[in-house]
**Q** 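Got a structure here, written out as structure tokens. Questions coming.
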Amino acid sequence: MHRDDDTTAYLRAAGVSLLIELTDPVPRILHWGADLGDATDLGAGMRLTGVPAVLNNALDATRTLTIWPTERDGWSGSPAQAGHAAGAATTPRPRLVDAHVSHDEAGGGRIRILMRDEVTSLDSEATYTLDRFGVLSVALSLTRPAEGGADAPYDLEALRALMPVPARASEVLDFSGKWVRERSPQRGALRDGSHVRRARRGKPGHDSPFLLTLGTPGFGFGHGELWSAHLAFSGDAEYLAERLPESAGALRSVIGVGELLRAGEIRLTPGERYDAPLAIFTWSDAGLDGLSDRLHRRLRARATHPSSPRPLTLNTWEAVYFDHDLTRLSALVERASAVGVERLVLDDGWFRHRRSDRAGLGDWYVDEDVWPEGLEPLVTQVRAAGMQFGLWFEPEMISPDSDLAREHPEWILAPAEGLGGTSRHQQVLDIARPEAWTYLLERISALVAAYDIDYLKWDHNRDLLEAVAHRGDGDRPAVHRQTRALYRLLDELRRRHPGLEIETCSAGGGRVDLGILERTDRVWASDCNDPVERSQIERWTRLIVPPELIGSHLGDVEAHTTSRVTDLSFRFVTALTAHAGIEADLTRQDDAQLAATRAWADLYRELRPLVHSGRVVNADLVDDATQLTGIIAQDGSRALFTWARLASSADGQVGRIPFPGLDAKARYGVRIRTEIGQAKRRDVTPPEWISRALEEEVVLPGAVLATAGVPLPTLDPQQAMLFDVRRLD
């Protein structure tokens, strides 16, 4: 074995440390959280203090929580592994075989632990990787050896990555939601028992738990100690936080994630292996913003992370819907060019039989009746205007009224007894079927090549219900295979077309996770372009996803999804601090509105180097109707803050509010950007310094701006102001 000493493996990075005791029969985690330093006797001290009391009416030996919790160790909570071999082998007893520890020069490293289980005849592997940003990823796998094992297949029911957390983590935060109201936070006390969230939709869903977090009481964006878990997977998932009266070894609770497997979905026969989706665990002593900063830096360090400026995008959906007419679209292209759009995406309606949402999905050929010359005339005009061209697809779905469904009804994912009901007038295509997978790959690839497409908007508009495949071996659950087939499809398209960018959309924000983000360049956070709703949705989406990967579009004066009417300036500000775009018919804008949109586009291009690389911060405010959100350059030289009011409040004045994330020892110049309009206020005159900042740059000590706070104006509902802050020393 390769380890830091005879019995422990120790990783450290970015203020985080992980200490694992490599003992027989199964290693256990002694610590995950704040950096413990480099004391030479650290392992011995943690081992000594990691042995809890022997309780009354309990096991006669000390109860431990291992990296692979089982009943053998006295763990009565959710086990790491559950399954059986023809009804037997239900009590796993893995034993340590070997362990390998490596350290990275930049910080962190890897601990790889191998175990063997004579009860289930399975080999298990657990790999803990701490990256240089302090983010811990856990990869688990099970293998049925080709020889020497039992004959009966092992039906895996669960394989969970579980981490212990201390007693002070007594509050739990996760998310729920629905279509056009994704990532709605819910929090409360962690009580004895199991807090379990299951996503059983064939995707994370609009009500995805998203990021399960345990924290110290009253934690917020800028304060509190937190432990979080996320499953980097785009299929079914399980999130849990669990606290038992007897605790979890020397610690109090566990937090964990795993793929939610359906009965019979993973059946291991000799020579087969199951790799669980990657579990992502993050610790922070700087509140939710501290978690976000670690996750954002991790994503931005990827070789595949978008490096070019994120182009201002116009998506045609809310401009024309299914009314695909070259004359109308040409006028839209002209207006888009006039305001500085850099990418145009042709949304749903371009392919055969697609005059409404009731037909055509699967028939991925340009509709000759609508486009007699193909898409070439439109693409040529888009290119001539200096814009990139993108195209909408929904490859994983199929319309019953389609040529593909009539030709290959067996490609529809459904039980042998027959189809279930449609959702959004569509069924699911069995993309794990090799013929269907190849059809999609070749059709999409051919279109990308034919029109030199820069960008795909990849949609997925329904849940997977009765998601089973019938291929001669009965109705076998198919979500796992479906998800892995999606990943292979995206990977192959990217391999064939290296410059291609892909946006993940799932009826808006129904599939936002770190698994899909390994293969895509942008998330559509919600179908809702109402800026009031959108400001909340994006605020929480940014917990995991940095601004440059979140599409945020300027909508029409009356929101398509809520019918709410909002000012143009408020819509401008809301869409500015992400990957900005337009979801509106520009041909209906008058000259003044068009000029304002052009000014907004110019401002976006000016600010996007900061917005798409900076550190996101949020003020912890008493009034939920207000938001103060900032993006600060990594070197602290500049920052952009948005002060927004979503609804009215009882107070006439908001008082002094500190700007989070700034240096109290520095001096700052502050000005209010008014190129895209001024916010309407509920006052006769604003605070004096605001009046000055509207006219010129105001210089303020960091101690005033960041510590004491500054009085901010009481805005009218659905209004926002933009503060441009630069460091002067």
Side-chain angles (χ1 to χ4, degrees), residues 16 18 28-34 50 52-53 55 58 63-67 69 73-80 82 135-136 138 158 160-177 183-199 204-205 207-231 237-258 260 279-292 294-295 540 543-544 618 620 624:
V16 179
L18 173 71
R28 61 179 176 142
I29 295 170
L30 296 175
H31 174 78
W32 163 54
L55 300 179
R63 179 187 282 111
T64 61
L65 183 87
T66 70
I67 66 167
D73 310 313
W75 174 243
S76 298
S78 298
V135 178
L136 177 67
V138 180
R160 306 177 179 97
L162 301 171
M163 297 291 293
V165 295
R168 61 185 179 275
S170 59
E171 286 191 19
V172 59
L173 166 72
D174 63 11
F175 296 84
S176 186
R183 282 165 294 288
S184 179
Q186 52 186 21
R187 65 185 288 175
L190 179 64
R191 298 178 172 85
D192 281 359
S194 303
H195 175 90
V196 181
R197 296 289 310 284
R198 296 189 175 100
D207 60 341
S208 166
F210 192 54
L211 188 71
L212 177 62
T213 299
L214 298 182
T216 50
F219 68 83
F221 285 108
H223 64 279
E225 189 179 11
L226 307 173
W227 293 257
S228 75
H230 172 82
L231 190 69
E238 180 184 55
Y239 287 66
L240 65 88
E242 209 156 44
R243 191 177 76 178
L244 303 183
E246 63 267 28
S247 296
L251 295 170
R252 186 69 177 94
S253 310
V254 300
I255 186 172
V257 290
L260 182 63
I280 305 295
F281 295 95
T282 314
W283 173 87
S284 166
D285 61 354
L288 293 166
D289 287 346
L291 294 180
S292 293
R294 294 189 189 278
L295 292 168
W540 296 108
L543 270 184
I544 290 179
N618 296 272
D620 286 301
D624 289 338

**Q** Run the side chain to side chain contact (heavy atoms under 4.5 Å, CB included) test on L543 and L291 for me, step by step, so that the C-alpha distance in whole Å, both residues' side-chain angles and the decisive distance to 0.1 Å come before the verdict.
**A** CA-CA 7 Å; L543 270 184; L291 294 180; 5.6 Å; no

**Q** At their closest point, which heavy atom of L162 faces which heavy atom of A80, and how far apart are they?
**A**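 Distance-wise, the nearest heavy atoms are CD1-N, 4.0 Å.
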
**Q** Applying ring-ring contact (aromatic ring centres under 6.0 Å, His included), can you list everything that pairs with F221, at least two apart in sequence or on another chain?
**A**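 Per chain and number, F221 pairs via ring-ring contact (aromatic ring centres under 6.0 Å, His included) with W540.
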
**Q** Which heavy atom in P79 sits nearest to a heavy atom in A82, and how many Å separate them?
**A** CG-CB, 4.3 Å

**Q** What distance separates L231 CG from F210 CZ, expressed to the nearest 0.5 Å?
**A** 13.0 Å

**Q** Please check if the side chain of R197 supplies one atom and the backbone of F175 the other of a donor-acceptor pair under 3.5 Å.
**A** yes

**Q** Which residue is it: E242, R160, E238? I am looking for the one with a side chain to side chain donor-acceptor pair (under 3.5 Å) to S78.
**A**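 With S78 as partner, side chain to side chain donor-acceptor pair (under 3.5 Å) holds for just one option, E242.
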
**Q** State the OG-CZ distance between S170 and R243, to the nearest 0.5 angstrom.
**A**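 These two atoms lie 7.5 Å from each other.
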
**Q** Report the C-alpha distance between V138 and V257 in whole Å, list the side-chain angles of each, state the deciding distance to 0.1 Å, and finish with yes or no for side chain to side chain contact (heavy atoms under 4.5 Å, CB included).
**A** CA-CA 10 Å; V138 180; V257 290; over 6 Å; no

**Q** Might you point out which heavy atoms bring S253 and L190 nearest each other, and give the distance in Å?
**A** OG-CD2, 3.8 Å

**Q** Could you give the distance from OG1 (T282) to CG (L226), rounded to the nearest 0.5 Å?
**A** 10.0 Å

**Q** Before giving the answer on side chain to side chain contact (heavy atoms under 4.5 Å, CB included), spell out for W283 and R294 the whole-Å C-alpha distance, their side-chain angles and the decisive distance to 0.1 Å.
**A** CA-CA 9 Å; W283 173 87; R294 294 189 189 278; 3.9 Å; yes

**Q** If we check side-chain contact (heavy atoms from CB on, under 4.5 Å) with V254, which of these qualifies: L214, L65, L244?
**A**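 Running side-chain contact (heavy atoms from CB on, under 4.5 Å) over L214, L65, L244 with V254 returns exactly one hit, L65.
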
**Q** Between D289 and N618 (side chain of the first, backbone of the second, donor and acceptor by atom type, cut-off under 3.5 Å), is there such a pair?
**A**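 It does hold such a pair.
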
**Q** Within the side chain of T216, is there an N or O that forms a donor-acceptor pair under 3.5 Å with the backbone of E225?
**A** yes

**Q** Just to verify, which of Q186, R183, R187 counts as forming a side chain to side chain donor-acceptor pair (under 3.5 Å) with D174?
**A** Q186

**Q** Please walk me through it: do L136 and M163 pass side chain to side chain contact (heavy atoms under 4.5 Å, CB included)?
**A** CA-CA 11 Å; L136 177 67; M163 297 291 293; 3.5 Å; yes

**Q** Main chain of G50, side chain of R28: is a donor-acceptor contact present, judged purely on distance under 3.5 Å?
**A**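 Confirmed, R28 side chain pairs with G50 backbone.
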
**Q** If you take all heavy atoms of A161 and F281, which pair is closest and at what distance?
**A**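 Scanning both residues completely, I find the closest heavy atoms to be O-CZ, 3.5 Å.
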
**Q** Has E171 got a side-chain atom pairing as donor or acceptor with G218's backbone, closer than 3.5 angstrom?
**A** yes

**Q** Which atoms form the tightest heavy-atom contact between S247 and W75, and what is the distance?
**A**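 Between these two residues, the closest heavy atoms are O-CZ3, 4.0 Å.
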
**Q** To the nearest 0.5 angstrom, please state how far the CG atom of L211 sits from the OH atom of Y239.
**A** 7.5 Å

**Q** Between R198 and D207, does at least one N-O distance fall below 4.0 Å, as a salt bridge requires?
**A**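 So R198 does not pair with D207 through a salt bridge.
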
**Q** How long is the gap from NE2 on H230 to OG1 on T213, to the nearest 0.5 Å?
**A**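 OG1 of T213 is found 11.5 Å from NE2 of H230.
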
**Q** Identify the heavy atoms of G33 and W227 that sit nearest to each other, and give their distance.
**A** CA-NE1, 4.4 Å

**Q** Could you tell me the separation between the CD1 atom of I29 and the CG atom of L251, rounded to the nearest 0.5 Å?
**A** 9.5 Å

